[in-house]
Amino acid sequence: MFNFTLINFYLKKYRFILIALLFISPLAATAYINSIIKELPPIETIQTYTPALATKVYDRNKNLICELFTEKRRLISLGEISEHIKKAIIATEDTDFYKHYGFSPRGIIRAAVNNILHRRKRGIQGGSTLTQQLSKAIFLSRERTINRKIRELLMAVQLERNLSKDEILELYFNQIYFGSGAYGIEAASRMYFAKSPGELNLAEAALLAGIVKAPNYYSPFTNIERAKSRRATVLSRMKRVGFISDEEKKEANLEAVPAEKTPIYSNIGSYFVEYIRIQLEPILGDGMIYKGGLSIYTTLDLELQAAAEEAFDSNMKLLENEPKIKKNLLVNGSTNTLQGALLATDIKTGEILAMIGGRNFKISQFNRATQAFRQPGSSFKPIIYTAAIESGFKATSILDDAPLVYLNDGRDWYLASRTTDFLSTLDEKTLDDPMKVWVPQNYKRRYHSIVTFRQALEQSLNSVSIRILETVTPNTAITYAGKMGITSPLTNTLSLALGASDVTLYEMTRAFGTFGNYGIKTKPFAIRKVEDKTGIKIIENMPEEEEVLSAATCFIMTHIMKGVIERGTAKVIGGVETDAAGKTGTTNDNTDAWFIGYTPEISCGIWIGFDDKTPMGEGMTGGRMAAPIWRDFIKKIPKTTTEFSVPKRVVFKMIDPTTGLLAEDGNTKAYAEAFISGTEPSEFAEGLSTYQLKEIKDDSEGF
């Protein structure tokens with residue numbers, strides 16, 4: 001009810017001002033209106049306006065991973081929207097929408113009176129039509145001033161002159177805010193009810209229409225009873241204007257109200273999503289990424305990502321409770337969280353299938369799969385052994401596993417002795433200086449005298465690996481590393497045999513993928529293509545391939561590294577239903593634990609450690625910490641190819657395990673070894689060997 005007594009008081013009080021305005025106002029009003037019209041957006045802007053649209057990120061199977069947005073919104077046509085929500089909005093917000101020309105004189109008068117009565121409490125009030133609300137949402141600020149209200153009204157008239165009522169209503173439904181980050185009816189329908197706007201029933205439509213007035217206040221996620229009360233108000237209004245019957249109103253009021261948001265996309269793969277965002281930002285810019293309504297089709301496989309995260313999380317929780325790790329944290333005064341990373345790529349294409357960059361993306365966005373440079377330890381050895389195979393070594397080559405002592409002459413390291421007895425001849429000062437004396441040790445300081453090339457890699461023998469690197473030279477090993485995808489700078493020293501140069505998990509996973517792809521190096525990539533909001537392709541990536549090794553060499557290395565899993569430092573992996581090969585890695589003081597492995601289909605690397613390089617404790621090796629994660633992940637992956645195929649130029653011979661020579665018929669201990677054709681042994685074991693190899697019983701769980 002209007003307070004006419006108060007209105008009469010104001011009219012008398014300001015009558016002289018009103019009389020003056022009758023003479024002045026026509027000219028002043030015209031000038032004022034013209035000045036405001038000049039400030040309005042041009043007609044072309046109105047006709048071509050498109051609201052900010054969310055960008056959708058899809059996995060390789062076109063499953064939605066997530067959306068990137070400043071305003072979560074997807075455009076939808078009016079024909080895709082339920083009649084219930086159309087009627088609910090019109091009944092609640094603007095009953096005369098299809099009758100007026102952008103504004104309601106009755107509403108303006110009502111608002112003006114309210115402004116006079118309550119101006120000090122509320123500021124300038126509305127009386128807005130749907131068209132005015134749209135004008136404000138799209139083109140104008142939310143300040144409550146007379147100037148803004150006039151601009152809003154004139155903008156509404158412009159919209160009505162240039163767009164049809166249905167076009168205005170469609171824009172309204174795509175623009176308006178429904179709370180909880182949902183802009184537009186499509187996002188709201190999905191979030192509140194997990195359905196499309198065309199599927200909304202009467203109760204759902206009334207709830208959404210009620211939220212528009214005050215999105216946070218009337219949200220069911222904030223207060224269910226308040227949301228129900230507001231829905232009842234909307235239904236009553238719909239009944240009053242004849243849109244629904246009393247029975248329909250009663251039934252709708254009985255329906256439940258959603259209490260929690262409906263997840264409309266996966267919440268996994270956060271490090272991967274940020275990885276692609278970083279790649280696209282310099283090309284497209286943040287504005288296009290967050291507002292352009294792009295469709296980004298990635299290489300990620302959501303099922304594999306989920307399997308990776310499950311294997312990673314469950315094992316990491318067990319590891320962080322290891323007594324040795326807890327003790328070392330206490331001793332070192334560290335409160336850091338045990339961290340890790342996982343990267344899985346398609347062997348054939350290099351497509352990134354799964355990526356984990358750390359324990360919790362919300363806490364740390366640092367991606368340890370691509371950004372962390374750490375020493376790979378013994379996981380680097382296969383690169384050196386590859387150089388050796390192509391330099392003439394064979395899986396059965398006989399090598400000496402014995403202690404070594406190196407001294408530094410000020411320029412380089414040189415071999416001083418093949419026995420640690422030599423150390424007794426050095427003074428204490430020299431012995432205590434790591435820059436002068438280097439005594440590389442096998443795990444638990446165990447040496448095995450005579451071993452084969454295969455045994456040296458299976459059991460990760462440091463002494464033998466250094467001898468191999470001496471033969472092929474560090475510079476040659478660095479060349480091979482570069483061929484296989486290691487781009488980080490590597491030190492040209494013998495310590496390279498122990499993985500003493502920092503690399504990334506990305507590089508190591510790529511290098512091992514070259515083994516599984518028979519010498520063809522691929523470049524890991526994450527984005528297949530990007531389309532704009534109209535479906536036009538603006539970015540497309542294809543696999544990048546380069547043949548860098550012979551297929552025969554790679555198969556020989558694969559055949560040896562299968563032994564790492566079958567009986568070597570990664571035997572904890574045993575039992576996966578596919579051919580698998582790989583190598584463990586552990587650095588000095590147990591600061592890093594690795595396992596890099598591959599199947600005929602996937603290359604996958606795991607790294608575990610503390611960001612500040614706090615030691616994890618004795619026995620916390622790659623085989624103990626990283627290999628079980630790899631095993632649990634690979635077991636969950638569907639397999640289509642389960643065996644490595646044998647390439648040309650590879651032959652198998654039955655070998656006597658005690659000599660490394662050809663086995664005679666009837667030798668019950670003989671095993672099949674792979675050789676590059678022409679390099680296989682020609683001598684049989686009987687009485688020809690002056691040495692006897694023995695089986696190495698390993699309990700290292702992965703150096």
Side-chain angles (χ1 to χ4, degrees), residues 268-279 299-301 304-320 325 336-345 350-380 485-488 499 502-513 524-526 570 582-587 590-598 602-614 616 620-634 702:
I268 65 176
S270 299
Y271 285 97
F272 178 83
V273 172
E274 177 64 2
Y275 178 68
I276 65 166
R277 188 202 67 78
I278 291 172
Q279 290 184 321
T299 62
L300 193 77
D301 188 309
L304 298 191
Q305 179 69 29
E309 292 192 13
E310 182 181 349
F312 183 82
D313 291 343
S314 59
N315 278 281
M316 290 299 289
K317 287 175 183 176
L318 293 174
L319 289 171
E320 66 186 358
I325 293 178
N336 276 7
T337 300
L338 184 65
Q339 284 292 350
L342 177 150
L343 184 66
T345 64
E351 292 176 299
I352 295 175
L353 304 174
M355 175 185 284
I356 299 172
R359 298 290 298 280
N360 189 318
F361 182 78
K362 290 181 180 178
I363 295 175
S364 170
Q365 291 79 52
F366 181 66
N367 191 334
R368 295 157 187 85
T370 60
Q371 296 174 307
F373 289 84
R374 307 289 293 229
Q375 290 186 0
S378 294
S379 66
F380 192 83
I486 304 294
T487 57
S488 295
D502 289 349
V503 295
T504 65
L505 182 62
Y506 173 98
E507 292 173 292
M508 293 298 291
T509 304
R510 182 187 189 187
F512 274 63
F525 68 102
K583 184 66 185 74
T584 55
T586 311
T587 56
N590 298 92
T591 57
D592 301 86
W594 299 70
F595 183 77
I596 318 292
Y598 54 98
I602 290 176
S603 177
C604 178
I606 314 282
W607 168 83
I608 308 293
F610 287 99
D611 287 339
D612 65 353
K613 299 188 178 182
T614 297
M616 292 178 287
M620 296 296 103
T621 62
R624 170 71 183 84
M625 303 184 75
I629 299 175
W630 193 93
R631 173 199 63 204
D632 293 351
F633 170 52
I634 294 297

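- Once rounded to the nearest 0.5 Å, the distance linking OH of Y271 with CD of Q305 reads 11.5 Å.
- The two residues S603 and G513 make their nearest non-hydrogen contact at OG-N, 3.4 Å.
- You'll find the side chain of I325 reaches within 4.5 Å of the side chain of F610, heavy atoms only.
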For the pair R277 and E274, evaluate salt bridge (charged side-chain N to carboxylate O under 4.0 Å, His left out) and give the outcome as yes or no after the intermediate values. CA-CA 5 Å; R277 188 202 67 78; E274 177 64 2; 3.0 Å; yes
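- The closest side-chain heavy-atom distance from S488 to F373 is below 4.5 Å.
- Between F361 and F272 there is no side-chain heavy-atom pair separated by less than 4.5 Å.
- Put simply, CE on M620 and CD1 on I608 are 12.0 Å apart, with the number rounded to the nearest 0.5 Å.
- Each of F512, W630, F633, W607 was compared with F595 under the ring pair (Phe, Tyr, Trp, His ring centres under 6.0 Å) criterion, and only W630 meets it.
- Minimum heavy-atom separation, G499 to P376: O-CD, 3.2 Å.
- A distance of 13.0 Å separates OG1 in T584 from CD1 in I606, rounded to the nearest 0.5 Å.
- When all heavy atoms of P628 and G623 are compared, the closest pair comes out as CD-O, 3.5 Å.
- Atom-to-atom distance recorded for N315:CG and E320:CD is 11.5 Å, nearest 0.5 angstrom.
- When all heavy atoms are compared, the tightest approach of I276 to A526 is CG2-CB, 3.7 Å.
- Distance CG/N367 to OG1/T370: 3.5 Å, rounded to 0.5 Å.
- Contact check on D592 versus R374 returns a salt bridge, with a Lys/Arg side-chain nitrogen under 4.0 Å from an Asp/Glu carboxylate oxygen.
- The structure places CD of E310 at 12.5 Å from CD1 of I629, a figure rounded to the nearest 0.5 Å.
- Residues meeting the salt bridge (Lys or Arg N to Asp or Glu O under 4.0 Å) test with E309, sequence neighbours left out: none.
- In this structure, T299 and L353 have side chains that are not in contact, with every pair of non-hydrogen atoms separated by 4.5 Å or more.
- The heavy-atom pair separating W594 from T504 by the smallest distance is CH2-C, 4.3 Å.
- No donor-acceptor pair under 3.5 Å is formed between the side chain of E351 and the backbone N or O of P524.
- At a threshold of 4.5 Å between non-hydrogen side-chain atoms, the residues T621 and N590 count as touching.
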Report all side-chain donor-acceptor pairs from residues 336-343 shorter than 3.5 Å, counting only partners two or more places apart or in another chain.
residue, atom, partner, partner atom, Å
N336, ND2, D612, OD1, 3.2
N336, ND2, D612, OD2, 3.1
Q339, OE1, R359, N, 2.9

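- A pairwise comparison of heavy atoms in A369 and I356 identifies CB-O, 3.8 Å as the closest pair.
- Side-chain contact check for I596 versus L505: some heavy-atom pair is nearer than 4.5 Å.
- You'll find the side chain of M355 reaches within 4.5 Å of the side chain of I352, heavy atoms only.
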